[in-house]
A.B. asks: 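Below: one structure in structure tokens.
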Amino acid sequence: MARTGRPPQDPARQLERAHRILDAAAELVLRWGYDKTTIDDVSKRAGVAKGTIYLHWKTRDDLFAALLRRERVRMLADVRGRGPATLSELYGEFARALLGRPLLSAFMRGDSEILGKFARQKQQAGRAPEMGGPLDAYVAELVKRGAVREEVEDHILVANAVLYGFLFLPDRRPDEPGPSDDRIADMVADTIERTMSTGRPLSGDDASAVARATLDFLDATEEVAQLKLAASMGLKERAL
């Protein structure tokens with residue numbers, strides 16, 4: 001028989017319990033902020049013993065890192081499900097998905113009101129989503145297919161600058177509402193298209209290759225994100 005307070009030994013049940021704990025943590029952090037959310041609060045909201053949480057994660061920071069990694073996996077799945085076929089569509093959907101996930105948006109902005117000490121600890125490490133090598137290879141394929149301009153010095157830097165520039169639009173006064181999330185996403189896509197596209201129609205083969213490369217990039221990025229999430233879920237037997 002399992003000891004009191006230990007996660008069930010069945011991997012599927014361990015995984016369900018871990019996600020329940022993360023659900024509770026997400027709800028409480030968005031309601032009270034990270035600094036005011038304790039492990040006691042999370043255990044009560046999740047309906048588990050405090051010791052159970054520490055069997056999954058050694059510290060509160062470890063728990064929250066797992067929560068952000070889960071948010072990233074879900075964000076990438078959202079983008080993949082919308083089927084972007086070009087670089088501009090891809091970044092537009094990144095913007096739409098990020099704006100729809102308050103924890104990820106707060107992390108990228110370094111929002112101390114929500115994330116408190118956790119955001120301050122992570123600021124020096126950078127807040128940009130990690131896309132790494134797959135993005136370099138993806139952009140190289142787009143250049144090869146004539147979908148983006150070769151003379152742009154750093155395609156990734158430009159695309160990220162556009163994305164973050166629109167995501168971090170200065171706050172307006174309450175009586176001056178800003179653009180909707182969908183409008184911001186559309187502006188990101190339009191700006192990247194105008195800035196980086198060659199403006200030349202692609203052949204059917206090239207257009208298909210670009211669309212396939214876009215989804216291949218998302219698949220590769222999501223796979224890496226899934227592996228990182230699995231490594232931080234605190235399970236003795238990986239069920240992801």
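The structure presented is a predicted model; accordingly, all values stated were derived computationally and were not measured.
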A.B. asks: Could you tell me which non-hydrogen atom of V148 sits nearest to which non-hydrogen atom of V139, and how far apart they are?
C.D. replies: CG2-O, 4.4 Å

A.B. asks: From E141 CD over to R145 CZ, what is the distance, rounded to the nearest 0.5 angstrom?
C.D. replies: 5.0 Å

A.B. asks: Measure across A26 and L103 and return the closest heavy-atom pair with its distance rounded to 0.1 Å.
C.D. replies: CB-CD1, 3.9 Å

A.B. asks: Going by the rule salt bridge (Lys or Arg N to Asp or Glu O under 4.0 Å), which residues pair with D181 if we only count those two or more places apart in sequence or in a different chain?
C.D. replies: none

A.B. asks: Between S232 and L229, is there a donor-acceptor pair closer than 3.5 Å when you use the side chain of the first and the backbone of the second?
C.D. replies: yes

A.B. asks: To the nearest 0.5 angstrom, please state how far the CG atom of L63 sits from the CE atom of M233.
C.D. replies: 9.5 Å

A.B. asks: Just do the side-chain hydrogen bond (donor to acceptor under 3.5 Å, both in side chains) check on H19 and R70 with the steps written out, would you?
C.D. replies: CA-CA 9 Å; H19 279 296; R70 188 180 70 165; 3.1 Å; yes

A.B. asks: Do S43 and D40 have side-chain N/O donor and acceptor atoms under 3.5 Å apart?
C.D. replies: no

A.B. asks: Which pair of heavy atoms, one from T86 and one from V210, lies closest together, and at what distance?
C.D. replies: CA-CG1, 4.3 Å

A.B. asks: List the steps, then state whether side chain to side chain contact (heavy atoms under 4.5 Å, CB included) holds for T214 with L87.
C.D. replies: CA-CA 7 Å; T214 303; L87 182 69; over 6 Å; no

A.B. asks: Can you tell me how far apart CG (D182) and CE (M187) are? Round to the nearest 0.5 Å.
C.D. replies: 11.0 Å

A.B. asks: When clusters are formed by joining ILVMFWY residues with side-chain heavy atoms under 4.5 Å apart, either directly or through shared neighbours, do W32 and I21 land in the same one?
C.D. replies: yes

A.B. asks: Okay, side chain of R20, backbone of A46: is any donor-acceptor separation there less than 3.5 Å?
C.D. replies: yes

A.B. asks: Using 4.0 Å as the upper bound for N to carboxylate O, is an ion pair formed by R45 and D41?
C.D. replies: no

A.B. asks: Checking side chain to side chain contact (heavy atoms under 4.5 Å, CB included) for the pair L99/F166: CA distance, chi angles, key distance, verdict?
C.D. replies: CA-CA 11 Å; L99 288 167; F166 277 106; over 6 Å; no

A.B. asks: Indicate whether any N or O donor in one side chain lies under 3.5 Å from an N or O acceptor in the other, for Y91 and N160.
C.D. replies: yes

A.B. asks: Kindly give the heavy-atom pair with the smallest separation between D62 and W57, and that separation in Å.
C.D. replies: O-CD1, 3.7 Å

A.B. asks: Measure from the side-chain N and O atoms of S88 to the backbone N and O of I192, and report whether any donor-acceptor pair falls under 3.5 Å.
C.D. replies: no

A.B. asks: Could you check whether the rings of F64 and Y34 sit parallel, tilted or perpendicular, using 30° and 60° as the cut-offs?
C.D. replies: tilted

A.B. asks: For the residue pair H155 / R149, report whether a side-chain donor-acceptor contact shorter than 3.5 Å exists.
C.D. replies: no

A.B. asks: CZ of R194 to CG of D190: how many Å apart, nearest 0.5 Å?
C.D. replies: 4.5 Å

A.B. asks: Is it true that atom CZ of R82 has more than 12 heavy atoms of other residues, nucleotides or ligands lying nearer than 6.0 Å?
C.D. replies: yes

A.B. asks: Measure from NZ or CZ of R60 to the centre of the six-membered ring of Y54 and say whether it is under 6.0 Å with the direction within 45° of the ring axis.
C.D. replies: no

A.B. asks: What pair of heavy atoms forms the shortest contact from L76 to A225, and how long is it?
C.D. replies: CD1-CB, 3.8 Å

A.B. asks: Strictly below 4.0 Å, N to O, side chains only: are D78 and R101 in salt-bridge contact?
C.D. replies: yes

A.B. asks: So, D186 and R96, do they make that salt bridge, N to O below 4.0 Å?
C.D. replies: yes

A.B. asks: Can you confirm whether more than 12 heavy atoms, excluding those of E223, are under 6.0 Å from its CD atom?
C.D. replies: no

A.B. asks: Would you mind checking if D205 and R212 are paired as a salt bridge, meaning a charged N to carboxylate O distance below 4.0 Å?
C.D. replies: no

A.B. asks: Verify the cluster assignment for V224 and V73: are they in a single hydrophobic cluster under the rule of side-chain heavy atoms below 4.5 Å apart?
C.D. replies: no

A.B. asks: Roughly how far, to the nearest 0.5 Å, is OG of S197 from CG of L202?
C.D. replies: 7.5 Å

A.B. asks: Verify, without hydrogens or angle tests, whether T52 (side chain) and V48 (backbone) share a donor-acceptor contact under 3.5 angstrom.
C.D. replies: no

A.B. asks: Where is the tightest heavy-atom contact between P102 and L30, given as atom of each residue plus distance?
C.D. replies: CB-CD2, 3.7 Å

A.B. asks: Got more than 12 heavy atoms from elsewhere within 6.0 Å of CD, E150?
C.D. replies: no

